[in-house]
Amino acid sequence: MYPSAPAPQNALHRVPAMGDLHLEYQPLIQLSNEATVGFEALSRWTDPVLGVVPPETFISNSEQTGEIVQLGHQVLALLKTEFPALLTKYPTIRISTNASTTELNAPDFAEHFSIWLKALPPNAAHHLTLEVTETSLMQLSEVAVAYLHTLREMGIQIAIDDFGTGQSSLARLHTLPFDVIKIDKSFIHQLHQPMAFEIVRWVITFGQRFGKKVVAEGVETQDQYDMLRTLGCDVAQGFLLGRPAPLAHWLALP
Ligand code: G
Ligand code: MN
């Protein structure tokens, strides 16, 4: 809109205007039958001056400033408007959304999230997954952990995002509420190396023995996909299987 206007120095240190933020959805594919079993909702910011701002940039900046709470509210507001159409088109899926430590520990998170849930279709809880990074999960207040237990009782799944890169202690992990482990993409990208392969194999075995579903993130090649199938991984996500795309793209598919 204003192509020659210089970007303000601190332009990235703010939350996108609501109109500049949109969601894209990336499919999650079940390895046993190649069915689409879910979508991860990802926030994308296209600024009129700055162009596309990478999510890693604005998410980590807003985490530092605390504006992530407001960003989280914006994401939930967008998801509320798009969720019904996606679920109507794909009635058996789970839609996942990400929440950071700051958001989950915010004193009004439970209240805000509960109000948000009530505005969704009646069975929505059984079609939702909340993704929390491994480090985040370890940093949650007791109140936030208790609320995650409540969400699980309602049917919402909790997924540990970027598993393997965070700071979890196994002593604490087994006491925390979660249903899904998402193996960080860095391990998947190195699957051809013996060490990464063994780590991935271990996470799949460990997760499944405890009744958790295991998702491989960042699957980019057929080789990675085949190895994960051989290892008995439950679900895969990555550019090989589908790039994040706006709602309209997924609704237009036959
Ligand atoms: O940490 P989390 O799983 O929320 O990260 C999701 C991010 O990873 C998204 O921004 C998405 O665009 C990116 N992503 C998704 N699939 C792939 C992939 O196959 N390779 C890489 N490098 N990034 C991916
Ligand atoms: Mn995620």
Side-chain angles (χ1 to χ4, degrees), residues 12 16 21-31 34 36-46 51-63 68 71-72 74-76 78-79 93-104 128-140 148 151 156-168 178-192 196 200 203 207 212-229 233-247 249-250:
L12 293 175
L21 191 71
H22 76 278
L23 294 181
E24 294 198 347
Y25 299 88
Q26 187 176 31
L28 281 89
I29 307 297
Q30 185 160 284
L31 287 163
E34 303 198 342
T36 301
V37 290
F39 288 95
E40 178 174 359
L42 296 160
S43 48
R44 295 291 186 255
W45 176 9
T46 310
V52 174
V53 184
E56 312 83 60
T57 308
F58 71 84
I59 291 170
S60 79
N61 285 346
S62 66
E63 257 161 13
I68 189 87
L71 183 69
Q74 290 178 326
V75 167
L76 289 182
L78 286 171
L79 188 55
I93 53 159
R94 288 238 175 210
I95 298 163
S96 43
T97 183
N98 296 276
S100 74
T101 324
T102 316
E103 282 173 86
L104 291 162
L128 274 172
T129 301
L130 193 61
E131 296 195 9
V132 181
T133 65
E134 189 186 352
T135 305
S136 234
L137 198 58
M138 295 296 139
Q139 294 171 346
L140 293 186
L148 292 189
L151 293 180
I156 295 178
Q157 285 189 342
I158 310 297
I160 307 185
D161 208 358
D162 307 335
F163 188 82
T165 61
Q167 294 148 20
S168 66
F178 68 97
D179 308 274
V180 178
I181 294 176
K182 296 188 79 177
I183 308 176
D184 188 68
K185 45 181 164 311
S186 58
F187 298 102
I188 307 307
H189 295 167
Q190 297 176 63
L191 256 185
H192 54 279
V200 170
V203 177
K212 315 297 182 189
K213 289 260 176 266
V214 180
V215 179
E217 295 182 325
V219 179
E220 292 180 353
T221 69
Q222 189 64 44
D223 265 3
Q224 291 162 356
Y225 183 86
D226 293 341
M227 280 191 262
L228 289 161
R229 249 177 87 109
C233 187
D234 298 295
V235 172
Q237 176 181 0
F239 295 161
L240 176 74
L241 306 159
R243 288 187 175 258
L247 179 71
H249 169 87
W250 301 110

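Just follow the structure's listing: the first ligand is 1, and inside any ligand the first atom is 1. Along the sequence shown, residues carry numbers from 1. These numbers come from the heavy atoms of this one structure, side chains and all, not from hydrogens, waters or symmetry mates. Nothing here was measured: the structure is a model prediction, and the numbers come from that model.
Taking any N or O of Phe239, backbone or side chain, at least one lies under 3.5 Å from an N or O belonging to ligand 1. For the pair Glu217 and ligand 1, the shortest N or O to N or O distance falls below 3.5 Å.
Residues forming a ring pair (Phe, Tyr, Trp, His ring centres under 6.0 Å) with Phe39 (at least two apart in sequence, or on another chain): Tyr90, Trp250.
Nearest protein neighbour of atom 2 (P) of ligand 1, counting heavy atoms only, is Asp161 OD2, 3.6 Å. For atom 6 (C) of ligand 1, the closest non-hydrogen atom on the protein side is Leu42 CD2, 3.9 Å. Summary of contacts: the protein heavy atom closest to atom 1 (O) of ligand 1 is Asp162 OD1, 2.8 Å. In terms of protein heavy-atom proximity, atom 15 (C) of ligand 1 is nearest to Gln26 OE1, 3.1 Å.
Residue-level check: among N/O/S atoms of Asp161, OD2 sits closest to the Mn ion (ligand 2). Looking at Glu131, its N, O or S atom nearest to the Mn ion (ligand 2) turns out to be OE1. Atom OE2 is the N, O or S atom of Glu40 at the shortest distance from the Mn ion (ligand 2).
Distance alone, capped at 3.5 Å, is enough to place a donor-acceptor pair between the Gln74 side chain and the Pro16 backbone. In this structure a side-chain-to-backbone donor-acceptor pair under 3.5 Å is missing from Arg94 to Gly38. Counting only distance, with no hydrogens or angles, the side chain of Lys182 and the backbone of Ala159 share no donor-acceptor pair below 3.5 Å. Listed for the Asp234 side chain is no donor-acceptor partner under 3.5 Å among the backbone atoms of Val215.
Within ligand 1, the atoms closer than 4.0 Å to a non-hydrogen atom of Gly238 are 16 (N), 19 (O), numbered from 1 in the order shown. Those atoms of ligand 1 that come under 4.0 Å of a heavy atom in Pro244, given as number and element, are 12 (O). Residue contact check: Val219 has heavy atoms under 4.0 Å from atoms 19 (O) of ligand 1.
When Lys185, Gln224, His189, Glu131 are ranked by how near their heavy atoms come to atom 5 (O) of ligand 1, first place goes to Lys185. Residue Arg44 holds the heavy atom nearest to atom 12 (O) of ligand 1 of all those in Glu40, Glu24, Arg44. The option with the heavy atom closest to atom 22 (N) of ligand 1, from among Gln237, Lys182, Glu220, Glu56, is Glu220.
Distance check for Asp162 against the Mn ion (ligand 2): none of its N/O/S atoms falls below 2.8 Å. The nearest N, O or S atom of Asn98 is closer to the Mn ion (ligand 2) than 2.8 Å.
Of the N and O atoms on the side chains of Ser186 and Asp184, at least one donor lies less than 3.5 Å from an acceptor on the other residue.
Across all their heavy atoms, Glu34 and Tyr225 have their closest contact at OE2-OH, 3.2 Å. Nearest heavy-atom pair across Leu140 and Leu148 is CD1-CD1, 3.6 Å.
Once rounded to the nearest 0.5 Å, the distance linking CE of Met138 with OG1 of Thr133 reads 9.5 Å. Taken from CD in Gln139 to CD in Glu134, the straight-line distance is 11.0 Å, to the nearest 0.5 Å.
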What's the verdict on side-chain contact (heavy atoms from CB on, under 4.5 Å) for Leu240 and Gln222, showing C-alpha distance, side-chain angles and the deciding distance? CA-CA 7 Å; Leu240 176 74; Gln222 189 64 44; 4.2 Å; yes
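Only side-chain heavy atoms of Asn98 come within less than 4.0 Å of ligand 1; its backbone N, CA, C and O stay farther off.
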